[in-house]
Amino acid sequence: MSGKDIPTDPEELRADVEQTRRELGDTVEALVHKTDVPGRVKNKAHEGVEQVKETATRANAAVSAAAGKTSAKVGEVADKAGEQVGKAGAAAGAAGAAVGEKAAVIGEKAGAVATQVGQKATEVAGQVGAKAGVVAEQVSQKAGVVAEQVGTKAAQAVESLPPPVQQRVEQARKHPAAVAAGVAAVVLVLWKLLRRGR
């Protein structure tokens, strides 16, 4: 900062200090957000779980709809079989026997349809479980990559700082309560260096 840039009016000085505080606060807030890896990982994991739940809900609805359609078809077939039995009983005993055989075939078909629905439901549940596993693994991998990237960037940032600031950062790592003060010091040093460059 050159001598020409320093305001001499107390009001201008106060305004300049207030502006600097706001900028510093914004910068610190942005740094805190970037270093909140567990929070971001938790959000990604939550999104993955929500996707799995949504997929399971859709699969459950599809199985329920298929079962409902099958039940309706079985009901329709049973109604038609009942009509056939009534007509055959009025016509003759022999026709009643034929209808009985027809009803047995329909019952077998209904059993086969119910078995297919059960198999399909098991298959869908397996697919949902596999999808959930894949999503969980992807979330875990992404979390690992993000954590590694943040760690690398943080190490690079610390290495590029002057030695006194590096020492303060190392102290802050040992004492988590001092992290905020360390971040504020780094931001202040960077701000001063930027102001000198103008």
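When a residue number appears, it is its place in the shown sequence, counting from 1. Remember, predicted model here, so these are calculated numbers, not experimental data.
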For this session: Would you mind reporting whether Arg14 and Pro10 have side-chain heavy atoms less than 4.5 Å apart?
Result: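 Result yes, sub-4.5 Å side-chain heavy-atom pair found.
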
Considering only distance and modelled atom types, tabulate donor-acceptor pairs under 3.5 Å from the side chains of residues 45-53, sequence neighbours left out.
none

Exercise. With sequence neighbours excluded, what pairs up with Arg22 under the side-chain hydrogen bond (donor to acceptor under 3.5 Å, both in side chains) test?
Worked result: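 side-chain hydrogen bond (donor to acceptor under 3.5 Å, both in side chains) check on Arg22 returns Gln19.
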
Can you tell me how far [atom2] of [Y] sits from [atom1] of [X], rounded to the nearest 0.5 angstrom?
| X | Y | atom1 | atom2 | answer |
| --- | --- | --- | --- | --- |
| His33 | Leu31 | NE2 | CG | 11.0 Å |
| Arg195 | Asp16 | CZ | CG | 5.0 Å |
| Leu24 | Trp191 | CG | CH2 | 8.5 Å |
| Leu13 | Thr8 | CG | OG1 | 7.5 Å |
| Thr55 | Gln127 | OG1 | CD | 11.0 Å |
| Glu23 | Leu194 | CD | CG | 10.0 Å |

Exercise. Should Glu83 and Lys80 be marked as a salt bridge (Lys or Arg N to Asp or Glu O under 4.0 Å) after you check the CA-CA gap, both sets of side-chain angles, and the distance that decides it?
Worked result: CA-CA 5 Å; Glu83 290 174 16; Lys80 288 179 182 177; over 6 Å; no

Exercise. Can you check side chain to side chain contact (heavy atoms under 4.5 Å, CB included) on Arg21 and Val17, steps first, answer last?
Worked result: CA-CA 6 Å; Arg21 283 185 184 154; Val17 167; 3.9 Å; yes

Exercise. Which pairs count as salt bridge (charged side-chain N to carboxylate O under 4.0 Å, His left out) when at least one residue sits in residues 54-64, sequence neighbours excluded?
Worked result: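 Residue pairs passing salt bridge (charged side-chain N to carboxylate O under 4.0 Å, His left out), neighbours aside: Glu54-Arg58.
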
Problem set entry | For Ala59, side-chain contact (heavy atoms from CB on, under 4.5 Å) partners two or more places apart |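 Partners of Ala59 under the side-chain contact (heavy atoms from CB on, under 4.5 Å) test: Val124, Val128.
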
Could you list the donor-acceptor pairs under 3.5 angstrom formed between side-chain atoms of residues 104-120 and any protein atom two or more places apart in sequence or on another chain?
{"residue": "Thr115", "atom": "OG1", "partner": "Gly111", "partner atom": "O", "Å": "2.9"}

Problem set entry | Partner set under salt bridge (charged side-chain N to carboxylate O under 4.0 Å, His left out) for Glu29, not counting sequence neighbours |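 None.
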
